[in-house]
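The structure appears below as structure tokens.
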Amino acid sequence: QLMTARASPNTVLELGKDYVAQRDGEAIKLCEEWCEVARVDHAPEAILAQIDSCGGCALAKVVRVGLFGDTAEVQLR
């Protein structure tokens with residue numbers, strides 16, 4: 001299932017790159033090393049449950065980057 005992530009300020013998300021997805025309440029934050037690079041607000045409950053079942057984090061791959069680079073479609077791996 002695809003989710004739309006909003007990039008953090010001054011961040012460029014790369015097509016095909018994997019980021020660590022961590023649950024943050026009802027949202028998912030995408031991190032590279034220790035830095036949050038994007039966020040999925042109001043994530044679907046099924047995806048939150050999937051992350052919980054993996055111990056609280058999973059890999060998410062960028063499958064499409066928005067025209068202005070401020071959003072991206074990501075998919076859990």
Side-chain angles (χ1 to χ4, degrees):
Q1 182 176 6
L2 293 177
M3 305 174 287
T4 301
R6 181 177 32 87
S8 300
N10 302 315
T11 301
V12 176
L13 299 175
E14 298 177 41
L15 182 64
K17 186 162 184 167
D18 289 329
Y19 295 97
V20 175
Q22 298 175 319
R23 184 172 179 163
D24 186 20
E26 297 304 311
I28 297 171
K29 60 182 180 178
L30 301 178
C31 300
E32 181 175 33
E33 296 179 12
W34 299 106
C35 299
E36 182 176 327
V37 295
R39 184 171 197 80
V40 178
D41 292 316
H42 311 293
E45 189 60 41
I47 293 178
L48 293 173
Q50 186 177 356
I51 291 174
D52 287 343
S53 72
C54 295
C57 63
L59 285 179
K61 184 179 203 80
V62 175
V63 295
R64 187 177 317 135
V65 176
L67 180 63
F68 300 108
D70 59 342
T71 60
E73 297 294 318
V74 297
Q75 184 172 31
L76 289 185
R77 297 188 55 174

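- Under the 3.5 Å distance criterion, the side-chain polar atoms of Lys61 are matched with a main-chain donor or acceptor of Gly16.
- A 4.5 Å side-chain heavy-atom check between Thr11 and Glu32 finds every atom pair outside the cut-off.
- The CG atom of Asp18 sits 10.5 Å away from atom CG of Leu30, with the distance rounded to the nearest 0.5 Å.
- Atoms OG1 and CZ, from Thr4 and Arg64 in turn, are 8.5 Å apart once rounded to the nearest 0.5 Å.
- For the atom pair OG1 (Thr71) and CE (Met3), the distance works out to 13.5 Å, reported to the nearest 0.5 Å.
- Note on Leu15 and Val37: same hydrophobic cluster, where clusters join Ile, Leu, Val, Met, Phe, Trp and Tyr whose side-chain heavy atoms are under 4.5 Å apart, directly or indirectly.
- Residue Gln22 holds its CD atom at 10.5 Å from CZ of Arg39, rounded to the nearest 0.5 Å.
- Nearest heavy-atom pair, Ala21 versus Ala60, reported as atom, atom and distance to 0.1 Å: CB-CB, 4.1 Å.
- For the pair Glu26/Leu48, a side-chain contact is recorded, criterion being any heavy-atom separation below 4.5 Å from C-beta on.
- Atom CZ of residue Arg23 and atom CD of residue Gln50 lie 12.5 Å apart, to the nearest 0.5 angstrom.
- Each of Ile28, Ile51, Leu2 was checked for a side-chain contact (heavy atoms from CB on, under 4.5 Å) with Leu76, and the lone residue meeting it is Ile51.
- Counting heavy atoms from C-beta on, the side chains of Tyr19 and Val74 never come closer than 4.5 Å.
- More than 12 heavy atoms of other shown residues, nucleotides or ligands fall within 6.0 angstrom of atom CD in Glu45.
- Between Val62 and Glu14, the shortest heavy-atom contact is CB-O, 3.4 Å.
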